[in-house]
Protein chains: 2
Amino acid sequence: MFSKACEYGLRAATYIALQSLDGRRVSLKEIADKIDSPIAFTAKILQLLSKNNIVESVKGAHGGFEITRTKMDKLKLSEIVNAIDGDSIYAGCGLGLKECNANKPCPVHSKFVDIRNDLREMLENTSLYEMTAGLEVGLTFLKR
Amino acid sequence: MFSKACEYGLRAATYIALQSLDGRRVSLKEIADKIDSPIAFTAKILQLLSKNNIVESVKGAHGGFEITRTKMDKLKLSEIVNAIDGDSIYAGCGLGLKECNANKPCPVHSKFVDIRNDLREMLENTSLYEMTAGLEVGLTFLKR
DNA sequence: TTCTAATAGGATAATTTTGTCCGATTTAAA
DNA sequence: TTTAAATCGGACAAAATTATCCTATTAGAA
Ligand code: FES
Ligand code: FES
């Protein structure tokens with residue numbers, strides 16, 4: 001569904017948000033450890049998220065990653081997915097035609113658009129803050 | 001969503017079904033041309049579909065690929081997807097945890113399972129025969 | 001000021017996916 | 001029986017994705 005990069009990105013952003021709620025800035029090392037991701041690859045993804053103004057990075061000693069409460073409230077998962085995977089999930093044809101186009105649809109188009117729209121709406125309506133809800137109380141997890 | 005191999009496989013199977021409706025066995029060359037796919041790669045995928053009893057292949061001169069009417073009626077898209085991409089679409093976690101597990105869910109699990117189930121149901125309820133419906137009358141397309 | 005802990009970023013490597021090539025095999029038709 | 005048209009299957013190649021390594025840069029703290 002999503003690329004590995006995108007999966008790591010979503011998990012990383014969620015962990016950063018969770019810790020930022022407690023005012024804790026987190027290091028790359030801690031993030032990779034807590035979401036069980038390859039550390040150097042995760043660094044690249046966080047650079048990308050930082051450039052896209054999704055998380056804030058602070059260099060130097062006592063540096064790390066954080067995200068403000070207002071930001072995580074406004075920020076939707078779709079923005080993270082978009083920054084990493086682009087719009088292929090929303091725009092791509094299920095059978096791989098160059099573009100999904102209702103005027104020249106593939107045989108699965110009519111059935112496929114609904115599912116894709118549900119996914120899009122889910123991502124556009126879910127904030128990063130919502131993602132942290134179950135984590136503190138141990139109802140949801142970022143690694144296993 | 002699906003791998004390239006799977007996209008080609010679905011398009012190829014659909015084209016074979018369409019031509020089989022007219023009793024026409026089709027060659028690899030014709031298939032690749034009509035669905036706009038790399039010919040040698042498509043050959044590999046058709047071998048796989050043939051081994052999985054999804055299409056029938058006939059070797060030698062006047063050979064090619066075909067699928068019986070009864071078969072294309074019974075055959076669901078899920079079987080094609082499964083043969084090529086496995087069950088990752090149905091079983092995989094949206095955030096990339098090793099397995100999707102409702103007892104230890106990731107933060108998107110509850111929202112994600114519905115979408116994934118819709119996709120699964122769509123694939124399990126759509127027959128290959130249905131795929132051919134719009135093609136003859138030019139309502140749907142396998143390439144663009 | 002100097003040291004140390006941290007991210008930034010470029011180069012590179014490994015792996016997976018996608019794609020090609022070619023000879024072997026099969027079968028119908030000349 | 002020979003030939004030609006077709007799939008099969010193994011080896012190989014290219015491209016994309018995933019992942020690592022190393023140096024530079026930054027900034028807090030001693
Ligand atoms: S054209 Fe294929 S999904 Fe829209
Ligand atoms: S655990 Fe992540 S989708 Fe089910």
Side-chain angles (χ1 to χ4, degrees), chain A residues 1-13 15-16 19-20 24-33 35-67 81 83-86 88-89 92 95-96, chain B residues 1-13 15-16 19 24-33 35-67 81 83-86 88-89 92 95-96 98:
Chain A
M1 189 75 87
F2 304 119
S3 69
K4 279 284 165 200
C6 193
E7 291 173 353
Y8 297 149
L10 287 165
R11 304 219 299 272
Y15 182 73
I16 293 167
Q19 294 307 317
S20 291
R24 296 211 285 129
R25 182 184 293 163
V26 285
S27 72
L28 166 65
K29 191 155 164 278
E30 178 180 343
I31 295 167
D33 185 56
I35 71 170
D36 195 25
S37 67
I39 183 163
F41 191 40
T42 306
K44 296 292 188 219
I45 298 159
L46 286 172
Q47 276 179 47
L48 185 61
L49 294 185
S50 175
K51 278 175 190 158
N52 281 269
N53 277 318
I54 286 167
V55 301
E56 286 172 73
S57 83
V58 179
K59 293 176 78 170
H62 270 244
F65 298 88
E66 62 192 356
I67 182 167
V81 172
I84 301 174
D85 278 356
S88 60
I89 285 203
L95 291 191
Chain B
M1 189 75 88
F2 305 120
S3 69
K4 280 284 164 199
C6 194
E7 291 173 354
Y8 297 148
L10 287 165
R11 304 220 299 271
Y15 183 73
I16 295 167
Q19 295 306 317
R24 295 211 286 130
R25 185 184 290 162
V26 284
S27 72
L28 167 64
K29 189 154 163 281
E30 178 180 345
I31 295 167
D33 186 55
I35 71 170
D36 194 25
S37 67
I39 184 163
F41 191 40
T42 306
K44 297 292 188 218
I45 298 160
L46 287 172
Q47 278 180 45
L48 185 62
L49 294 185
S50 175
K51 278 176 190 158
N52 281 268
N53 278 318
I54 286 167
V55 300
E56 287 172 71
S57 81
V58 179
K59 293 175 80 171
H62 270 245
F65 297 88
E66 62 192 357
I67 182 167
V81 172
I84 302 174
D85 278 355
S88 60
I89 285 204
L95 291 192
K98 320 257 183 203

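Within every chain, numbering begins at 1; the chains are lettered A, B, ... in the order of the sequence lines, protein sequences first and strands thereafter.
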CZ-CG distance between B:R11 and B:D36, expressed to the nearest 0.5 angstrom:
6.5 Å
Using 0.5 Å steps for rounding, measure from the CD1 atom of B:I84 to the NZ atom of B:K44.
14.5 Å
Using only atom types and a distance under 3.5 Å, with no angle test, would you say the side chain of B:N52 pairs donor to acceptor with the backbone of B:L48?
yes
Spacing of B:E30 atom CD relative to D:dA5 atom P, expressed in whole Å
16 Å
Can you find a pair of side-chain heavy atoms, one from A:F2 and one from A:I89, that are under 4.5 Å apart?
yes
Helical bend (five base pairs per end, nearest 10°) for the helix from C:dT1-D:dA30 to C:dA30-D:dT1:
10°
Nearest 0.5 Å please: distance from the CG atom of A:L46 over to the CZ atom of A:F41.
11.0 Å
Here the gap from B:T42 atom OG1 to B:L28 atom CG, rounded to the nearest 0.5 Å, amounts to 6.5 Å
For the atom pair OG (A:S20) and CD1 (A:I67), what is the distance rounded to the nearest 0.5 Å?
7.0 Å
Of the non-hydrogen atoms in A:A83 and A:I54, which two are nearest, and what is the gap between them?
CB-CD1, 3.7 Å
With a cut-off of less than 4.0 Å, is there a side-chain N or O of B:Q47 near OP1 or OP2 of D:dT7?
no
Side chain to side chain contact (heavy atoms under 4.5 Å, CB included), that's the test. Do A:E30 and A:Y15 meet it? Break it down for me.
CA-CA 10 Å; A:E30 178 180 343; A:Y15 182 73; 2.5 Å; yes
Opening and closing nucleotides of DNA chain C in contact with chain A, under 4.0 Å to non-hydrogen atoms
C:dA5 to C:dA11
Measuring only between side-chain heavy atoms, which start at C-beta, is A:L49 closer than 4.5 Å to A:I16?
no
Rounded distance in Å - CZ (B:F65) to C1' (D:dA6)
9 Å
Taking protein heavy atoms under 4.0 Å as touching, what does nucleotides 11-25 of chain D look like 5' to 3' if B marks base contact, S marks sugar-phosphate-only contact and - marks none?
B------SBB----B
Rounded to the nearest 0.5 Å, what separates atom CD in B:E56 from atom CD in B:E66?
5.5 Å
Using a cut-off of strictly less than 4.0 Å, decide whether B:S57 has a side-chain nitrogen or oxygen near OP1 or OP2 of D:dC8.
yes
Let me spell it out: for each of A:A61 and A:S50, pick the nucleotide of DNA chain C with the closest heavy atom. Which residue's pick is nearer the 5' end?
A:A61
